[in-house]
Participant: 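There's a structure below that I have some questions on.
A note on names: the letters A, B, ... follow the listed sequences, proteins ahead of strands, and every chain is numbered from 1.
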Amino acid sequence: MITAELFLKLFQQCKTGKCLTQLHSHTIKSGLTHNTLFAAKLVELYSNFTLIQTTRKLFDEMPHRTVYIWNLILKCYYREKNYKESLVLFSQMFSSQKPDLYTIPIALKSCAVLKALEFGEIIHGFVKKSDGIGTNLFVGSALIEFYSKCGEMDNALCVFEEYPVPDTVIWTTMITGYEQNNEPKQALEFFSQMVRAQQNVLDPVTLISVVSACVQMLNINVGRSVHGFMIRFGFDNVLSLSNALLNLYGKTGFLNYAANLFKTMEKKDVISWGSVISCYAHHGSGKEALDLFDMMISKGIEPNVVVLISALQACEAIRNLEVGKRIHEIAARKRFDLNIMISTALIDMYMNCSSPYEAINVFERMQVKDSVCYSNLLCGCHHNGMWYKSMEIFKNMLASEVKPSSVDMVKIFTVCSELGVLQYTSCIHGFAIKLGVENNSYLSASLIESYAKCGSLDDSIGVFNGIKDGDVVIWSSVFAAYGLHGKGHEALELFNQMIKHTPIKPNDVSFVSILSACSHAGLVKEGIDTFNMMVNVYNQNPNSKHYGIMVDLLGRIGELDKAMEFIEQIQGPVGANEWGSLLGASRIYQNTQMGEVAARKLVELDPNQTGHYILLSNIYAVDEKWDNVAEVRKVVKERKLKKVSGQSVIELRDEVCSFIANDRSHQNCELIYELLMSLEGKMKEECNVNSMDFSLHEA
DNA sequence: ATAGGGTTAG
């Protein structure tokens, strides 16, 4: 006859839940009477195997339950992440038992996860009333964790102060609390107090939280001393600590620190690799990131979603389409290609590698689409100059009830400007108001610009007048709006109003707008005065854009020599803006000599820009220098440069006529030009389509 | 019997 005692011993030998269940059914068959001790042991064993249903059944059948049994069942539900049931049982427990030291932390942790502030506060009240519990360190750390997870660091601090000699865990809980409530400064302050109070008692868990706080503050100094602690205390084999430091070095851009630590690490996991790859990808070392990625693969480490995303960012940064496609294949093979973040990273990569249709393809295959992927797709189409596609995406975005961000709105207003369709601008303006998109000065400025570029200066001014406290961004956009419409005097008048009657100081953008307004209106003297004011009164260093406008200003009235002199006196490098303006003026006044100088400089500055070669070739052609023409064409061929076709778009009511005019089909160009000329007057009246860019010969 | 963290990404 097997006794109950023997069965208990056998139960304890069970290594699996299945074994326990079988043995248990055997005892029922043998008709062994259950006593409380027997049941309690079973509850304990079942709960260890997290067999919740069986545990619960036994628990419910018990006539008498000790606090220990209650604790077991509470912990069982807690481990199963059924925090709600754990708290329900905790409430029931009160009718028969008093919770003890072990019960309280479990219940508080459930409250912490559920952010059940009131429930936890009741438990805290109970702790205060009960003798002995309030001084227990486990209860203390649970209370601190509870308050910090509920975002109540002041209350956490009150609890902390009840402990005259806090242990490492209590200290760490406070540090983590501050770190996770975005108070990294406080976290570091507590860490230094802890080091002072505890001297050499440190452990890796504490250090991980400290490093997280350093990441938030981008504080490399404390991070370096944590690295020192790590070596001194022999924690260098703690992978998660090393990884946390790698992350810190990555976020702060200390590539050499990251590389050195990575080299010395004996154990590395996929997170270690991911951290360094991301570090290189984000700090201009895309090539090194991809080399590391290859090395990781060759070592047989399986890349996860995160590593693939970092590798895609590296491809994006250095525009390596080939490797990007290879990573796309790896992702597809591992069935990651439907993952929303992988897809978004793929969209970004393809967009930046000038493959927008591949990006759109990825987007269309996505099963779940959120605001980020819409936004990035929109941004990418905008980046690639696909205005109609951008508009289509924006419409789909609204149809999918994805709320556009203010950045998306700025982008779409730029699209409206590029398309020059006033109806789009006013319609989307209405949307923005109706949807309650967060309004900031960049949004208003882009709206002002868009109305102006679509030909309605009145609407621009209307928006401007509706803004009470416009900042420098908004004022600058109005100067630009007047400038676009050739109203230089009005722009200057507003500019003077701003500097005399508001505390707003003009910035570099303001001067770009106002100088360009002067240039477009032929206000040479005013332009030069304003330029001098920028330098002498506002102590602003002119940039390439300002110089370019000044060259344009002089060039437009035919003062080519003065424009050249102006360029010659520029200190520092001369960019495409300056030479581009000079080239434009040279063409108007048919000065091929100067045009050649400017075009040669442009080719030098950006040897991959096909347009520059064509301009240079055209200049030689005008001078009938056919040898030079052939030479330029040869370079284009050798470099395998492709021409991008110029596009002209006419929108007539709802009918969109799009004509592609590249410089070979002169027939087409002339046809469109004639069509535009005959339609322009009519369209202005009837369709409000005023913005026309007839740059047909600049393919 | 019980505790503090878990890092890389759109």
Side-chain angles (χ1 to χ4, degrees), chain A residues 44 47-48 67-69 71-72 74-75 78-79 99-109 112 136-146 148-149 166-177 179-180 194 203-215 238-251 258 262 268-282 289 292-293 296 303-314 316 336 339-349 351 362-363 366 369-377 379-380:
Chain A
E44 184 183 334
S47 73
N48 277 342
V67 176
Y68 177 64
I69 293 292
N71 289 346
L72 283 176
L74 285 179
K75 205 163 91 189
Y78 177 80
R79 261 194 260 147
D100 68 0
L101 293 172
Y102 301 101
T103 329
I104 300 294
I106 303 166
L108 282 170
K109 279 158 91 54
N136 179 280
L137 290 167
F138 293 90
V139 172
S141 61
L143 276 168
I144 294 171
E145 189 195 345
F146 156 70
S148 64
K149 292 255 160 77
D167 69 350
T168 311
V169 177
I170 298 259
W171 277 109
T172 307
T173 315
M174 281 305 287
I175 293 168
T176 310
E179 186 263 314
Q180 292 184 346
M194 173 184 170
D203 81 11
V205 180
T206 319
L207 296 181
I208 290 169
S209 285
V210 173
V211 175
S212 299
C214 291
V215 171
V238 181
L239 198 53
S240 47
L241 180 55
S242 293
N243 287 347
L245 279 168
L246 278 180
N247 179 37
L248 173 66
Y249 294 146
K251 292 274 159 66
F262 188 69
K268 293 172 184 125
D269 63 1
V270 71
I271 293 171
S272 325
W273 286 92
S275 303
V276 258
I277 291 171
S278 141
C279 169
Y280 280 112
H282 281 119
L292 275 165
F293 177 75
M296 185 186 114
N304 62 11
V305 169
V306 183
V307 172
L308 291 179
I309 289 168
S310 298
L312 284 171
Q313 289 177 322
E316 186 191 330
F336 289 161
N339 172 295
I340 193 160
M341 282 167 97
I342 285 273
S343 299
T344 313
L346 281 168
I347 291 172
D348 291 346
M349 185 275 292
M351 284 298 189
V362 170
F363 178 79
M366 287 174 80
K369 292 163 183 166
D370 66 359
S371 62
V372 182
C373 69
Y374 266 107
S375 185
N376 292 15
L377 187 73
C379 179

Participant: Tell me what Leu308(A) touches on the nucleic acid: a base, only sugar-phosphate, or nothing, going by heavy atoms under 4.0 Å.
Facilitator: nothing
Participant: What is the distance from CG of Leu74(A) to P of dA1(B), rounded to the nearest Å?
Facilitator: 18 Å
Participant: Out of dG6(B), dG4(B), dT8(B), which nucleotide sits closest to the side chain of Thr172(A)?
Facilitator: dG4(B)
Participant: To the nearest 0.5 Å, what is the distance between CZ (Phe146(A)) and OG1 (Thr173(A))?
Facilitator: 14.5 Å
Participant: Round to a whole Å and report the spacing from CG of Asp167(A) to P of dT2(B).
Facilitator: 15 Å
Participant: Looking only at the aromatic ring of each residue, does the gap between the centers of Phe293(A) and Trp273(A) stay below 6.0 angstrom?
Facilitator: no
Participant: Using whole Å, report how far CG of Asp203(A) lies from P of dG4(B).
Facilitator: 13 Å
Participant: Go through dG6(B), dT8(B), dG4(B) for me and flag the one nearest to the Lys109(A) side chain.
Facilitator: dG4(B)
Participant: Has Ser278(A) got a side-chain N or O lying under 4.0 Å from the OP1 or OP2 atom of dA9(B)?
Facilitator: yes
Participant: Which part of the nucleic acid, if any, lies within reach of Ala244(A) when heavy atoms closer than 4.0 Å are counted: base, sugar-phosphate only, or nothing?
Facilitator: base
Participant: State which of dA3(B), dA9(B), dT2(B) makes the closest approach to the side chain of Asn136(A).
Facilitator: dT2(B)
Participant: When you get a sec, tell me which of dA3(B), dT2(B), dT8(B) is the closest nucleotide to the side chain of Pro105(A)?
Facilitator: dT2(B)
Participant: Nearest of dG4(B), dA3(B), dT2(B) to any side-chain atom of Thr168(A)?
Facilitator: dG4(B)
Participant: OH of Tyr280(A) versus P of dA9(B): gap in Å, rounded?
Facilitator: 16 Å
Participant: May I ask you to say what Asn339(A) touches in the nucleic acid, namely base, sugar-phosphate or nothing, with a heavy-atom cut-off under 4.0 Å?
Facilitator: nothing
Participant: Name the closest nucleotide to the Tyr68(A) side chain, picking from dA1(B), dA3(B), dT8(B).
Facilitator: dA1(B)
Participant: The criterion is ring pair (Phe, Tyr, Trp, His ring centres under 6.0 Å); which residues satisfy it with Phe336(A), sequence neighbours excluded?
Facilitator: none
Participant: With a 4.0 Å cut-off on heavy atoms, is Ile340(A) in touch with a base, just the backbone sugar-phosphate, or nothing at all?
Facilitator: base
Participant: Less than 3.5 Å between a donor and an acceptor, one on the side chain of Asn243(A) and one on the base of dG6(B), is that the case here?
Facilitator: no
Participant: By nearest atom, which of the nucleotides dA1(B), dT2(B), dT8(B) is closest to the Ser275(A) side chain?
Facilitator: dT8(B)
Participant: Classify Lys251(A) by what it touches in the nucleic acid, base, sugar-phosphate, or nothing, heavy-atom distance under 4.0 Å.
Facilitator: sugar-phosphate
Participant: Could you check whether Tyr102(A) and the base of dA1(B) form a stacked pair, meaning centres closer than 5.5 Å and planes differing by less than 30°?
Facilitator: yes
Participant: Base, sugar-phosphate, or nothing: which does Glu145(A) touch, judged by heavy atoms less than 4.0 Å apart?
Facilitator: sugar-phosphate
Participant: Nearest of dG5(B), dA3(B), dG4(B) to any side-chain atom of Ile208(A)?
Facilitator: dG5(B)
Participant: Sequence neighbours excluded, which residues qualify as side-chain contact (heavy atoms from CB on, under 4.5 Å) partners of Ser242(A)?
Facilitator: Met230(A), Met265(A)
Participant: From C-beta outward on Ile271(A), which listed nucleotide comes closest to its side chain: dT7(B), dG4(B), dA9(B)?
Facilitator: dT7(B)
Participant: State whether the distance check finds a donor on one side and an acceptor on the other, under 3.5 Å, for side chain Ser240(A) versus base dG5(B).
Facilitator: yes
Participant: Could you point out which residue of Ile277(A), Leu292(A), Val305(A), Val276(A) forms a side chain to side chain contact (heavy atoms under 4.5 Å, CB included) with Ser310(A)?
Facilitator: Ile277(A)
Participant: Side chains of Asn243(A) and Ser240(A) only: does a donor on one sit below 3.5 Å from an acceptor on the other?
Facilitator: no
Participant: Does OP1 or OP2 of dT7(B) have a side-chain N or O of Gln180(A) closer than 4.0 Å?
Facilitator: no
Participant: Closest to the Thr173(A) side chain: dT8(B), dG4(B), dA3(B)?
Facilitator: dG4(B)
Participant: Could you check whether Ser242(A) gets within reach of a base, just the sugar-phosphate, or nothing at all, counting any heavy atom under 4.0 Å?
Facilitator: nothing
